[in-house]
Amino acid sequence: MSNGRNSRVPGRLGGIPRTPLLVALAALLALSLAGWLLWDAAAGGAADDAKSPVAASSATRPAPSGPSGKPSSARPSPLVTPSKPTAPASRPADEATAAAPVGRPRADGPLKGKVVVIDPGHNTRNVDHTAEINRSVDIGTGRKECDTTGTSTDNGYAEAAFTLDVAHRIRTMLQDQGVTVSFTHDGDRPFGPCIDERAAVGNKAHADAVVSVHADGSAVGNRGFHVILPANVRGGRADTAPIVGPSKELGARIAGNFVRTTGSAPSNYVGGGTGLDTRSDLGGLNLSTQPKVFIECGNMRDPKDAALLTDTTWREKAARGIADGITDFLRG
């Protein structure tokens, strides 16, 4: 055994116990490595988020809308500066094109090759564009406003929301029969379209049938549905003589099926109990060159009718009645 001053003692390094020093060095190295990994992950994650389509989508997604079409109180993402979109002017009627059909008609459907245009009445955002929808357009026999806001129930369920919901259901049912279905709009416009443009969509599509879906805003106690048929009018661009007959047949088929599927009675205030009404003051009918009708599915201002119109089960029945009426007409 050595007893020299500079001799090494087992288990010590430079006079310091070896084991605690090694542990301390290992801990320091681990902390350094962990810090580097965390920094790299954060930097890489930020870069990946910037490229991610999901992140980009959520950063630019507009605030959700409520039933009225107005933005809800949800605040927009702080990643973008929101800007108010500029509403495009309504296109001339002769340039109107139908909204692209969603989904495909059944390839082996019995009504393959038939074309139907569904016109969901009004637009939930018309209320924000009163100047645009109040301008007058030619309806052949005179002039009327481009569009209106439509009505609503006392609880605020908008006619425009109702018509779009029913239109979507009708489209699915018709496509199952092989019918090609287009809309005049699909809630994808800031306002409108104007009534002359709506008529032009059906004309340009050479539709076998066109149906405009609505709900009325009459007095309390006025209940039931009615189908509006084009009168025989001629003036300016309007000439309904060729479509009066087939439109009346289309309307009668829809009325009969609507009673059968919904159990609703024909209007007690329009049409003398027949469920059919003929009018010459609607541009959507006057300017149509294809068989076309409007249907007022009920009165939103009457509590009993409103209870039906706001019920999803009843709306499915309403859509079925309209779709069955259309398919009956298409079969001849």
Side-chain angles (χ1 to χ4, degrees), residues 116-122 137 139-142 144-151 159-160 162-163 166-167 170 184 193-203 207-219 222-235 238-259 262 264-302 305 309 318-319 321-326 328-329:
V116 170
V117 169
I118 302 298
D119 175 28
H122 310 290
V137 297
I139 65 167
T141 57
K144 289 188 77 170
E145 60 268 35
C146 156
D147 200 3
T148 66
T149 59
T151 187
E159 178 187 1
F162 167 83
T163 63
V166 173
I170 296 170
T184 56
C194 294
I195 52 178
D196 55 342
E197 186 179 348
R198 291 172 187 263
V201 170
N203 298 344
D208 296 288
V210 184
V211 176
S212 189
V213 181
H214 288 263
D216 210 357
S218 188
N222 290 343
R223 296 197 61 196
F225 77 93
H226 63 279
V227 180
I228 304 174
L229 314 175
N232 195 337
V233 299
R234 188 170 185 177
D239 182 6
T240 61
I243 69 165
V244 167
S247 295
K248 184 175 182 179
E249 181 184 353
L250 172 63
R253 302 269 184 155
I254 290 175
N257 279 279
F258 200 85
V259 170
T262 65
S264 294
S267 169
N268 63 7
Y269 63 102
V270 173
T274 66
L276 301 175
D277 183 39
T278 301
R279 291 176 60 172
S280 62
D281 63 327
L282 298 177
L285 295 179
N286 290 356
L287 299 176
S288 181
T289 60
Q290 312 304 122
K292 182 175 182 177
V293 300
F294 282 43
I295 179 168
E296 300 280 2
C297 297
N299 177 18
M300 296 196 113
R301 308 304 294 178
D302 178 82
D305 269 11
L309 296 164
I322 296 169
D324 285 353
I326 294 171
D328 281 357
F329 171 77

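FYI, the numbering just counts along the sequence from 1. Note that the coordinates shown come from a computational prediction; the quantities given were computed from them, not determined experimentally.
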Specify whether His214 and Phe294 have parallel, tilted or perpendicular ring planes, treating 30° as the upper limit for parallel and 60° as the lower limit for perpendicular.
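The arrangement is parallel - the two ring planes meet at less than 30°.
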Does any part of the side chain of [Y], heavy atoms only, come nearer than 4.5 Å to the side chain of [X], both counted from C-beta?
X	Y	result
Ile295	Ile228	no
Gln290	Asn203	yes
Pro266	Phe258	no
Val211	Val116	no

Using only atom types and a distance under 3.5 Å, with no angle test, would you say the side chain of [X] pairs donor to acceptor with the backbone of [Y]?
X	Y	answer
Thr240	Val233	yes
Lys292	Gly284	yes
Asn299	Ala219	yes
Ser247	Val293	no
Glu159	Ala215	yes
Thr184	Asp119	no
Arg198	Pro120	yes
Asn286	Ser280	yes
Asp277	Gly271	no

Could you state the interatomic distance from [atom1] ([X]) to [atom2] ([Y]), rounded to the nearest 0.5 Å?
X	Y	atom1	atom2	result
Asp216	Leu309	CG	CG	10.0 Å
Asn222	Asp305	CG	CG	9.5 Å
Glu145	Ile139	CD	CD1	9.0 Å
Ser212	Ile195	OG	CD1	10.5 Å

Shortest non-hydrogen separation from [X] to [Y] and the atoms involved:
X	Y	result
Asp147	His122	OD1-ND1, 3.5 Å
Phe329	Pro246	CE1-O, 3.3 Å
Ser288	Ile243	O-CD1, 3.5 Å
Met300	Phe162	CE-CB, 4.1 Å
Gly202	Val210	CA-CG2, 4.1 Å
Phe225	Cys297	CB-O, 3.7 Å

Check: What's the verdict on side chain to side chain contact (heavy atoms under 4.5 Å, CB included) for Ile326 and Ile254, showing C-alpha distance, side-chain angles and the deciding distance?
Finding: CA-CA 6 Å; Ile326 294 171; Ile254 290 175; 4.2 Å; yes
